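Okay, so here's the structure we're looking at.
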Amino acid sequence: MKIFERNTKKLSRRDFLKTALGGGVAITGLAGISTNKNVSAIPQGNVDLSTANHEDSHNDHGSPGTVGQVNHDANGFDPPSLLYEWDYGEVSQLPNGQTLREYHIAAVDKEIEIAPGVFFPAWTYNGRVPGPSLRCVEGDRIRIKFINAGSHPHTIHFHGIHPASMDGVPGVGAGVINPGEETIYEFDAFPFGCHLYHCHANPLKRHIHKGLYGAFVIDPDPARHQGEDAQIARQRNHLFPEVNNYNEMVMVMNGFDTNFDGDNEVYAANTIAFAYMKEPIKIQRDQTQRLYLINITEFDPINSFHVHANFFDYYDHGTTFQPTLKTVDTIMQCQAQRGILEFSFKDFEPGLYMFHAHQSEFAELGWMGFFEVVE
Ligand code: CU
Ligand code: CU
């Protein structure tokens, strides 16, 4: 594969972004964002490449970002839908009274635009990267009808408790599902928490990195817990009104190896580089924020989340009612690690509050955004 080598081996990840991306991705320093800069500091499609490329110049510490717009309609998903949309399945009741949730997931090949002009030949669940954010309640019967409409063998492997035969790995149960084939994964949802699912076909890192992953959130069932725990369970369960006191978001931290050299060139929360910088996430100042955060980044050992000017409580894996970390502004996650962040901007000055990976390189390559706190 001489052509492949010639095209890629001498380019660093940054060089790749500067020279190879027709859409014109302009990367400059993080240092340019300060509290003195107003909203106009956010690039809206007019960053001048001729100056933006001087990233080592002390005279040019502008804003990072991308030039142009991603065609979200063509992608079939947009940054707000990835943040806020849940798939609760088709809900019915089994004869024993247990709630049954049936989900339909198809693996499909699909080219997606991950930054303006940067297209990635993804493998997707239901045409999305990440796949649908599945949500259910502790103890529900989960039935996933999986169809492989893609071009490679795939599976769905869920993190959670289930029988061996439902594990979605090669050689066990249904094993790998070949193109044109289908299977059903069925199990009871335990334990409550913030989980994920992903393809487990080999080569594993290629199948995951191509886009086959998604959030899987199991709400705690208040009836299964006592006292204060039951109260907290109500605040986390989408079937109870108490959950409306929270603004619930999903972010899946991911990366994309656009030239297939085993290294990511683009990073994001929810796939689209800098999406939440271009369109900051509006949050009501008085509403508590709850963020389901999952790291599925391939090729890099860890990813992280950092919020500016504020602190959060963290529930590792979301499997506890009390925070496992209190009052922190940065957490790190290895691949598949995940958790729930809770924070509030009550009484804060309205405005733009940045969040990003605290691997500065990831931030500069797309994993950076803003909360816009409004009264
Ligand atoms: Cu796969
Ligand atoms: Cu896994």
Side-chain angles (χ1 to χ4, degrees), residues 103-112 114 120-136 142 144-185 187 189-218 250-257 260 262 264 270-271 292-303 316-319 332-340:
Y103 301 88
H104 299 267
I105 297 185
V108 286
D109 298 0
K110 183 173 173 179
E111 188 176 70
I112 59 171
I114 56 173
F120 181 77
W123 297 340
T124 75
Y125 289 128
N126 288 2
R128 287 180 27 147
V129 179
S133 297
L134 308 183
R135 192 157 182 180
C136 61
I142 304 301
I144 298 104
K145 294 185 175 167
F146 175 54
I147 297 174
N148 185 355
S151 58
H152 290 72
H154 297 303
T155 74
I156 307 180
H157 162 70
F158 284 84
H159 283 235
I161 295 168
H162 48 248
S165 58
M166 294 296 152
D167 200 38
V169 298
V172 182
V176 292
I177 309 305
N178 288 309
E181 293 180 352
E182 56 185 85
T183 192
I184 291 175
Y185 299 107
F187 50 87
F190 289 105
F192 74 83
C194 173
H195 307 306
L196 74 158
Y197 60 92
H198 58 84
C199 180
H200 219 296
N202 293 318
L204 185 55
K205 64 182 178 182
R206 189 52 68 189
H207 279 251
I208 289 181
H209 148 266
K210 286 280 264 179
L212 291 167
Y213 45 75
F216 174 45
V217 170
I218 303 178
V250 178
M251 287 188 202
V252 177
M253 301 191 288
N254 50 4
F256 295 91
D257 174 11
F260 303 99
N264 294 313
N270 292 346
T271 301
Y292 296 91
L293 181 74
I294 296 162
N295 177 29
I296 195 63
T297 312
E298 194 56 80
F299 307 125
D300 294 285
I302 59 165
N303 206 325
D316 193 13
H317 290 68
T319 46
M332 62 177 180
Q333 295 180 339
C334 67
Q335 190 190 47
Q337 204 170 3
R338 65 278 183 189
I340 301 172

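Remember, it's 1-based here, ligands and their atoms both numbered in the order they're listed. All values derive from a computational prediction rather than experimental measurement.
In terms of modelled atom types and a separation under 3.5 Å, the side chain of N295 and the main chain of A336 share no donor-acceptor contact. Checked by atom type and distance alone, the side chain of N126 pairs as donor or acceptor with a backbone atom of A106 at under 3.5 Å. No donor-acceptor distance shorter than 3.5 angstrom exists from the side chain of Y185 to the backbone of I142, with no hydrogens or angles considered.
Closer than 2.8 Å to the Cu ion (ligand 2) sit the protein N, O or S atoms H159 NE2, H198 NE2.
Below 30°, between 30° and 60°, or above 60°: for H159 and H198 the angle between ring planes is between 30° and 60°, a tilted geometry.
To the nearest 10 degrees, the Cu ion (ligand 1) sees SG of C199 and ND1 of H154 at an angle of 130°.
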Indicate every side-chain donor-acceptor pair of residues 207-214 with a distance under 3.5 Å to a residue at least two apart or in another chain.
from: H207; atom 1: ND1; to: H154; atom 2: ND1; distance (Å): 3.1
from: H207; atom 1: NE2; to: N202; atom 2: O; distance (Å): 3.4
from: H209; atom 1: ND1; to: R206; atom 2: NH1; distance (Å): 3.1
from: H209; atom 1: NE2; to: D257; atom 2: N; distance (Å): 2.8
from: K210; atom 1: NZ; to: P121; atom 2: O; distance (Å): 2.6
from: Y213; atom 1: OH; to: N254; atom 2: ND2; distance (Å): 3.0

Sequence neighbours left out, cut at 3.5 Å: what donor-acceptor pairs do the side chains of residues 165-174 make with other protein atoms?
from: D167; atom 1: OD1; to: H157; atom 2: ND1; distance (Å): 3.3
from: D167; atom 1: OD1; to: H162; atom 2: NE2; distance (Å): 2.6

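The Cu ion (ligand 1) is closest to atom ND1 of H207 (considering only N, O or S atoms).
Residue pairs meeting the side chain to side chain donor-acceptor pair (under 3.5 Å) criterion with at least one partner in residues 170-181, sequence neighbours excluded, are absent.
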